[in-house]
**Student:** 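Before anything else, here's the structure in question.
To find a chain, count down the sequence lines: A is the first, B the second, and so on, and within it residues start at 1. Just so it is clear, the structure is predicted and the values come from calculations on it, not from any experiment.
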Amino acid sequence: MDVDHHHHHHNGNGNGSAAVYDSNGNDEIKQEVKEEPMMSDDDMTFSEMMKKDKKKKKRKAESDEDDSGDEYKPETKNHRKSASKKNGKKHSEDEEESEVEYKPEVKKPKKKDSKKRNRESSEEESDADYSDEDVKPKKKKASKDKNKPSTSTPKKDVKKEPPKKKPKKEEDVVDVWEWWKEEKKPDGVKWNSLQHMGPLFAPAYVPLPDSVHFKYAGERMKLSLEAEECATFYAGVLDHEYSTMKAFNENFMKDWRKVMTSKEREKITDLKKCDFRAIDLYQKEQREIRKAMTKEEKLKIKEEKEAEMKIYGIAVIDGHRQKIANFRIEPPGVFRGRGGHPKMGFIKKRIMPEDVIINCGKDTPIPKPPAGHKWKEVRHDNTVTWLCSWTESVLGQNKYIMLNPSSKIKGEKDYEKYETARRLKKKIAAIRAKYTEDFKDREMRVRQRATALYFIDKLALRAGNEKDVDEAADTVGCCSLRVEHIKLYDSAKIEETDKKEKEYVVEFDFLGKDSIRYFNRVAVEKRVYKNLGKFIENKNPGDDLFDRLDTSTLNEHLRSLMDGLTVKVFRTYNASITLQEQLQKLTNPKDSVAAKILSYNRANRQVAILCNHQRSVSKTHDQAMEKLEQKIKDKKKEVKEAEEALKHARGAEKEKAQKKYDRLKEQLKKLKIARTDKDENKQIALGTSKLNYLDPRITVAWCKEHDVPLEKVFTKTHREKFRWAIDMTNSSDEKFVF
DNA sequence: TACCCGACTTGTTCTTAGCACA
DNA sequence: TGTGCTAAGAACAAGTCGGGTA
């Protein structure tokens, strides 16, 4: 199936930049349709991608307009209301029209408005004095950083570790809970008892020393505490592209001015006149100082962190100690939205205990808020898995403290995910047959659904929920694809260059999650191609490609095909099955371990390509590459020398020389493998798929079968997260098959 | 049905720990 | 024995999905 992916990896994300690109023009089909997938990453230069942003705004305006221009557009879809679930036939006329009468529906971008919430009213509560002794770990960080204040952690009784020994065995901290050997708990209930210490708050702001000056219009200025803190946020972004972006700067200025004193506000009106360089420099110095600390100082910090982790990083859930994932509350800072995020630059406010909701067991002690403070709320909701939550100030979204992936609660869910994907494996043939049949259904709605599903299955696209235009960057997934995101190459044209069967080629070019560009030309079935032609008829570039489809309808349909089936299951299924197939295909049992690992990584890479997991191709990567190259050269030389020596060696010397030669030869081989691996990995990120899409049992089984130590492919965290899979697979006699 | 939102997963980027090497 | 550099992990942004409400 992977022969169809002609990815053209492009790194739209650069270093977190707003990768908005120009999707029109310059995209003539300049490469053969069958071009090798992984090479050549330049179709469009970075800067080309950078311009244009405006377009989006326009899009919105346009579509509002079209709205009235399109006479069809049923009022709202009220009349569909009682078409209860199931895609039964109880649908009103407008959906049953035959192709001829079909007119595209124009979906409106969502509006939210009611949601400006916190933003405006954000001034109150500037009570930054939350630095209470006795509760705050880190009461203060002397800028000189000399005597690291002993973290006065709340619990005096934390036992002091004998400074020399390193505990750190997973088991020391948490229980090994082999939940997969236990009976499953009934639905809905996530736990029976839950105890924890609440979140760890961000350390209080430490003012800049008087020697560090912020300047406005060239003139030194001592800022009020809060204004200064925000200034440090901006200073931190000085080296970054964000500091050159209009939206970022405007948003920052807007929020910054809110925390200024009236005097400051009066004076500081132009960001361009602000000079943060001294602050930036100071921050860099501080970092250097930290780096330059002695071993002892570093060790001390480490121990302090471990102590914090032991208190705040652990929850007891149904009698088992489990790691918490993110027990530290996000410190205040500036919001760094990705892509052309409209809210980038706004300030994330400091979270106080008064903002935090605690969730814990009824019969366990309630975590104590820091002295002088109280929680926003304490609840005992065992139908959810989070321990603490609060509302983040920029987007107004909920944030949670949850358990670590190694926990039962997460692990069990993960396990279920893969089991669902395996059930899909059993049904996939029938499902494919069904949607292929549906390509030619008389209902537009059904044809769109089938076509979308085809892409989701074949290309592993995401679902593509609707997004609020002014709360997020303009990115899309399958259901939200617009006409402008695809191109149809008409068969005649292709036939000249490539007379083969590749008649029906579709090009995708859009920004997906995290504004990562998805670019792919792919040959599709004739029916699909024809359908697409119909779907885009009489539409504007900014209109929805699948105007009769949305994620909830699609998922509802999928559920009718298989229990628990949703769009994302296809991604999981296709990723895992691809890994299994590729491993089968690529592994040579006679290979060395290093060569086998290369095969593994190649299989993994196929998946990453399928899922479009990219990574920024960095200068550092190129440098590393050069270094490797050099090493190989050096090694070659050594081999040559050893070879010479071997020739001249006699007697006992000879054997020694032979050994040396062999060893060097082996090392050289390893280096070459490393080079290949690295090179092939240039713009592909393997981590995401390994962590989220590949059934770990496939990997464990492969290691077992081929005598590859698991730790060569799974890091410590992987092994913790996938303990269930390791245990299940290794303790079974038969080979795991996904 | 539209819309909103809570909860949870997936994803990239930033930061650090720890390793290979001078 | 320190230095520079990755790879691993932390941080946190951005998705998915399903349920409630008007």
**Student:** Name the closest nucleotide to the A:Val384 side chain, picking from B:dA7, B:dG11, C:dG18.
**Tutor:**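 Within the option list, the nearest is B:dA7.
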**Student:** Compare side-chain N and O positions of A:Lys410 against OP1 and OP2 of B:dT9 and report whether any pair is under 4.0 Å apart.
**Tutor:**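 Looking at the OP1 and OP2 atoms of B:dT9, one of them is under 4.0 Å from a side-chain N or O of A:Lys410.
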**Student:** Look at A:Arg571 and B:dT10 and indicate whether a side-chain polar atom (N or O) is within less than 4.0 Å of OP1 or OP2.
**Tutor:**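 It does not, given that no N or O in the side chain of A:Arg571 lies less than 4.0 Å from OP1 or OP2 of B:dT10.
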**Student:** Any side-chain to backbone donor/acceptor pair from A:His613 onto A:Thr688? Under 3.5 Å, distance only.
**Tutor:**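 Not confirmed, A:His613 side chain does not pair with A:Thr688 backbone.
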**Student:** Test of understanding: with side chain to side chain contact (heavy atoms under 4.5 Å, CB included), list the residues that count as partners of A:Ala463, not counting sequence neighbours.
**Tutor:**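 A:Thr551, A:Val567.
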**Student:** Which protein N or O atoms sit under 3.5 Å from an N or O of nucleotides 11-14 of chain C?
**Tutor:**
unit_1: C:dA13; atom_1: OP1; unit_2: A:Lys348; atom_2: NZ; d: 3.0
unit_1: C:dA13; atom_1: OP2; unit_2: A:Lys399; atom_2: NZ; d: 3.2
unit_1: C:dA14; atom_1: OP1; unit_2: A:Arg338; atom_2: N; d: 2.6
unit_1: C:dA14; atom_1: OP1; unit_2: A:His341; atom_2: ND1; d: 3.4
unit_1: C:dA14; atom_1: OP2; unit_2: A:His341; atom_2: ND1; d: 3.3

**Student:** In dot-bracket form, how is DNA chain C paired, counting a Watson-Crick or G-U wobble pair only if both its distances are under 3.5 Å and using | for bases paired to another strand?
**Tutor:** ||||||||||||||||||||||
**Student:** Does a side-chain N or O of A:His240 approach OP1 or OP2 of B:dC14 to a distance below 4.0 Å, or not?
**Tutor:**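 For A:His240, the contact criterion (side-chain N or O under 4.0 Å from OP1 or OP2 of B:dC14) is met.
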**Student:** At under 4.0 Å, does any side-chain N or O of A:Asn465 touch on OP1 or OP2 of C:dT16?
**Tutor:**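 Yes.
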**Student:** Going by atom types alone, do A:Thr553 and A:Asp550 pair a side-chain donor with an acceptor below 3.5 Å?
**Tutor:**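 There is such a pair between these side chains.
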**Student:** Closer to the 5' end of DNA chain C via nearest nucleotide, is it A:His718 or A:Thr551?
**Tutor:**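 That would be A:His718.
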**Student:** Can a side chain N or O of A:Lys302 be found less than 4.0 Å away from OP1 or OP2 on B:dT16?
**Tutor:**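 No, A:Lys302 has no side-chain N/O under 4.0 Å of OP1/OP2 on B:dT16.
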**Student:** For the pair A:Asp514 and A:Arg338, find out whether any cationic side-chain nitrogen is under 4.0 Å from an anionic carboxylate oxygen.
**Tutor:**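 Answer for the salt bridge query: yes.
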**Student:** Mind checking the NZ-CG spacing from A:Lys343 to A:Asp255? Nearest 0.5 Å is all I need.
**Tutor:**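 One finds 10.0 Å between NZ of A:Lys343 and CG of A:Asp255.
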